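Shown next, in structure tokens, is the structure this report addresses.
Everything numeric here is computed off the predicted structure, so don't read it as measured data. When a ligand or atom number is given, it counts from 1 through the structure's own listing order.
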Amino acid sequence: MNVAVLGETKPGETRVALLPSTVRELAKIGCEVTVASGAGVASHFADEEYQDAGATVVADAATAMQGAQIVVKVQAPSDAEVKGLPSGVVLVSLLSPLTEPELIGRLGKAGVTAFALEMIPRITRAQSMDVLSSQATVAGYKAVLVGANALSKFLPMFMTAAGTIRPGKVLVLGAGVAGLQAIATARRLGAKVEAFDVRPEVKEQIESLGASFLETEHDVTAAGEGGYAKELSEEQHRRELELIAAHIADTDLVVTTAQIPGRPAPRLITEEMVDSMRPGSVIVDLAAASGGNCAGAIDGETVVRNGVKIIGPANLPAGIPVHASQMFAKNVATLLGELVTDGELSLDFEDEVVDGTCVTHGGEVRHGPTKERLGIA
Ligand code: NAD
């Protein structure tokens, strides 16, 4: 069973889908790995390290794909890469199936068996394959560092001969995987942290990290299925905005992570709220790519409004490529362990993980929920 690792071609992407250490792990299930030369360079893994781990390094992606039964990548394949994928090959990567229906259709037509890593079901058994979780962990951590770096103030308290500096105040909106990591990171930096989420069960998790949960007497809860949130009603949304408005003016750094799968991100910070903040304050909006939690946030850009920096960081995990790749590679290797038995491809579509994640097979878009969302159910 030959597994090809391609380099990433998307600008700014520094991660790699498999590490030299995972090459050794995959050998145990009968997989030989071929790496396109330079695939790991941006995340500081040299060709020689892959070779030392038993992989074959070839000149380029096209050569790596020839003779591969499985192709792994971080980002979705480019048009040229789709053309180079042999018919019948298994592709494992991020594919944005809900927002890139054309790509999924092309992969189906090309006879590729595509596994969209975003579709890993949220079940306990699949946690070790869940790239959304692992990469959200990286993003939550990095968001606080980016925000702290952009602030005109310290986050920790200082008691020095030059006087006492009060700790900075951080507000985290959305306390899922990224939000909880942002809270933990801000606490490690000594900030006073408040947080809010519409899933009430996270109150305890927020408090166990030493932050306080924003309380309201109104019902602003919307727990959905599989650990995700639902959209709030209009009235609930208004109440949430009132709650945030009452706390934000006094905040130095806001990190927003609120998302609803398949929907635009909920708007949690209005222009008026930004204007109520002190100049020099910072908002880091992790939902900027899906519409933004903060008014005016732009993915990949920093906008300054009345002295408040609104940062829409693009691809934060690429800013920590070694550990982001390490976690991503572990997720991918664990998934490959579900697809390969004794060096042979064995796809069990009765299995929840295989069924939930495989979006094209046998020349077709096969996944029910994906088809529904693409309007071809
Ligand atoms: P996500 O990225 O979809 O959303 C981030 C957070 O935004 C969520 O906590 C959500 O409740 C919150 N949110 C949505 N609308 C909001 C609003 N209007 N105001 C404030 N917050 C809002 O979610 P995620 O971080 O990927 O995961 C959420 C939860 O799912 C996790 O905390 C975890 O409990 C669960 N989970 C389970 C597994 C598993 O079992 N395999 C894997 C990953 C996550």
Quiz item: In terms of the angle between their ring planes, are Y50 and F45 parallel, tilted or perpendicular, with boundaries placed at 30° and 60°?
Solution: perpendicular
Self-check item: Partner residues of A324 under the side chain to side chain contact (heavy atoms under 4.5 Å, CB included) criterion, sequence neighbours left out
Solution: R15, Q135, V138, P317
Quiz item: Which salt bridge (Lys or Arg N to Asp or Glu O under 4.0 Å) pairs, counting each pair once, include a residue from residues 212-222, with sequence neighbours left out?
Solution: K203-E215
Quiz prompt | Exercise: do S281 and D252 side chains pair donor with acceptor under 3.5 Å | solution = no
Self-check item: With R106 via side chain to side chain contact (heavy atoms under 4.5 Å, CB included) - residues at least two apart
Solution: D79, V82, L103
Quiz item: Can any side-chain N or O of H237 pair as donor or acceptor with the backbone N or O of R267 at less than 3.5 Å?
Solution: yes
For ligand 1, list every N/O pair with the protein closer than 3.5 Å, one pair per line with the distance.
unit_1	atom_1	unit_2	atom_2	d
ligand 1	4 (O)	Q259	O	3.4
ligand 1	7 (O)	Q259	N	3.4
ligand 1	9 (O)	G176	N	3.1
ligand 1	9 (O)	D197	OD2	2.6
ligand 1	9 (O)	R199	NE	3.3
ligand 1	9 (O)	R199	NH2	2.7
ligand 1	11 (O)	D197	OD1	2.7
ligand 1	11 (O)	D197	OD2	3.3
ligand 1	11 (O)	R199	NE	2.8
ligand 1	18 (N)	E240	OE1	3.0
ligand 1	19 (N)	E240	OE1	3.4
ligand 1	19 (N)	E240	OE2	2.6
ligand 1	25 (O)	V177	N	2.7
ligand 1	26 (O)	R122	NH1	3.4
ligand 1	26 (O)	R122	NH2	2.6
ligand 1	27 (O)	R122	NH1	2.9
ligand 1	30 (O)	R122	NH1	3.0
ligand 1	30 (O)	G227	O	3.2
ligand 1	32 (O)	R199	NH2	3.2
ligand 1	40 (O)	Q127	NE2	3.4
ligand 1	41 (N)	I123	O	3.3

